[in-house]
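Throughout, protein chains are lettered first and strands after them, A, B, ... in sequence-line order, and every chain is numbered starting at 1. Keep in mind it's a predicted model, so treat the numbers as computed, not measured.
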Amino acid sequence: AQSVTQPDIHITVSEGASLELRCNYSYGATPYLFWYVQSPGQGLQLLLKYFSGDTLVQGIKGFEAEFKRSQSSFNLRKPSVHWSDAAEYFCAVGPPAAGNKLTFGGGTRVLVKP
Amino acid sequence: KAGVTQTPRYLIKTRGQQVTLSCSPISGHRSVSWYQQTPGQGLQFLFEYFSETQRNKGNFPGRFSGRQFSNSRSEMNVSTLELGDSALYLCASSFTTDTQYFGPGTRLTVL
């Protein structure tokens, strides 16, 4: 069965600093990979996705992620964070053969210091 | 296009009752998936419906059920509610097997 690990439960970053959120997955082949963001009391908003092709993918709000097959990782990055980036971020995998059954990581809560 | 809508947004029930939650997908989307989000277990997949048929199912007891109508709208039902069913229930829609777009969720509190 597939699994997703987000090693960092909380990350605090200063406004304007760079941000990197880690995501490691376990799956026998290359899955579909996603990053979602959730603000308090809200649903999940898709930031970006990887299905195949270029391993560096660009998303909304200035986020990017890099798929590294050798490390089974899909880390999310942003060069300069804004106070509005404070939220919880979820990495998810969805095996292509399993319909839309996503497996999520535990999430990383990002706090932004002024 | 309008996004995924879920009704109601908030619900309070007591143990032993049953509840029905509703989800309207993005227009044209045929797949609807349901997820439960709790502080302890995180985000867990409940089930997915595609063209009125259940296509995938997670590891939840039979008290959790769902259905999809011909217009792709979906409902999920939880019978004999337990305290542990208190959660945010999220619905997501997609065209086929690709990107899922989530609704705002229904916050269920079981007293």
Side-chain angles (χ1 to χ4, degrees), chain A residues 1-10 21 23-25 27 29-53 57-60 63 65 74 87-109, chain B residues 3-7 9-10 21 23-26 29-51 53-60 66 68 72 74 87-109:
Chain A
Q2 65 271 14
S3 65
V4 181
T5 301
Q6 293 181 245
D8 304 302
I9 298 175
H10 292 101
L21 305 182
C23 172
N24 293 98
Y25 67 91
Y27 182 63
T30 300
Y32 293 165
L33 294 158
F34 306 85
W35 275 100
Y36 286 89
V37 61
Q38 185 178 38
S39 298
Q42 302 297 313
L44 302 174
Q45 181 182 23
L46 178 70
L47 287 175
L48 47 77
K49 61 189 178 185
Y50 174 78
F51 288 173
S52 64
V57 293
Q58 302 297 320
I60 63 171
F63 285 93
F74 189 57
E88 190 154 23
Y89 293 78
F90 293 93
C91 179
V93 300
N100 284 314
K101 182 178 180 179
L102 292 181
T103 298
F104 285 86
T108 298
R109 185 169 298 279
Chain B
V4 178
T5 59
Q6 293 186 245
T7 57
R9 292 293 312 277
Y10 302 92
L21 312 182
C23 172
S24 292
I26 292 171
H29 284 190
R30 298 161 64 190
S31 167
V32 174
S33 298
W34 290 88
Y35 294 83
Q36 181 196 64
Q37 185 177 26
T38 60
Q41 299 299 316
L43 279 155
Q44 294 184 285
F45 174 81
L46 279 156
F47 31 65
E48 179 203 6
Y49 285 86
F50 183 84
S51 295
T53 301
Q54 188 178 86
R55 184 161 71 172
N56 277 297
K57 190 177 188 304
N59 296 322
F60 279 82
Q68 186 179 34
S72 293
S74 177
L88 181 67
Y89 289 89
L90 293 164
C91 165
S93 78
S94 69
F95 181 64
T96 54
T97 305
D98 46 33
T99 307
Q100 292 183 60
Y101 297 91
F102 284 79
T106 294
R107 172 75 62 187
L108 172 64
T109 301

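Between chain A and the options B:Leu46, B:Val4, B:Leu43, heavy-atom pairs under 4.5 Å are most frequent for B:Leu43. Per-residue counts of heavy-atom pairs under 4.5 Å with chain A were compared for B:Pro104, B:Ser33, B:Cys91; the largest is that of B:Pro104.
Using a 4.5 Å cut-off between heavy atoms, A:Gln38 touches chain B through its side chain atoms alone. Residue B:Leu90 touches chain A through its side chain alone, counting heavy-atom pairs closer than 4.5 Å. For chain A, the nearby part of B:Gln37 is the side chain; its heavy atoms alone come within less than 4.5 Å. With a 4.5 Å cut-off on non-hydrogen atoms, B:Arg107 does not touch chain A at all. Contacts between A:Leu102 and chain B at a heavy-atom distance below 4.5 Å involve backbone atoms as well as side-chain atoms.
More than 12 non-hydrogen atoms from other residues, nucleotides or ligands lie less than 6.0 angstrom from CD1 of A:Ile60.
In this structure, A:Phe51 and B:Thr99 have side chains that are in contact, with non-hydrogen atoms separated by less than 4.5 Å.
Considering CZ of B:Phe47 and NZ of A:Lys101, their distance stands at 13.0 Å, rounded to 0.5 Å. With rounding to the nearest 0.5 angstrom, the CZ atom of A:Phe34 is 7.0 Å from the CD atom of B:Gln100.
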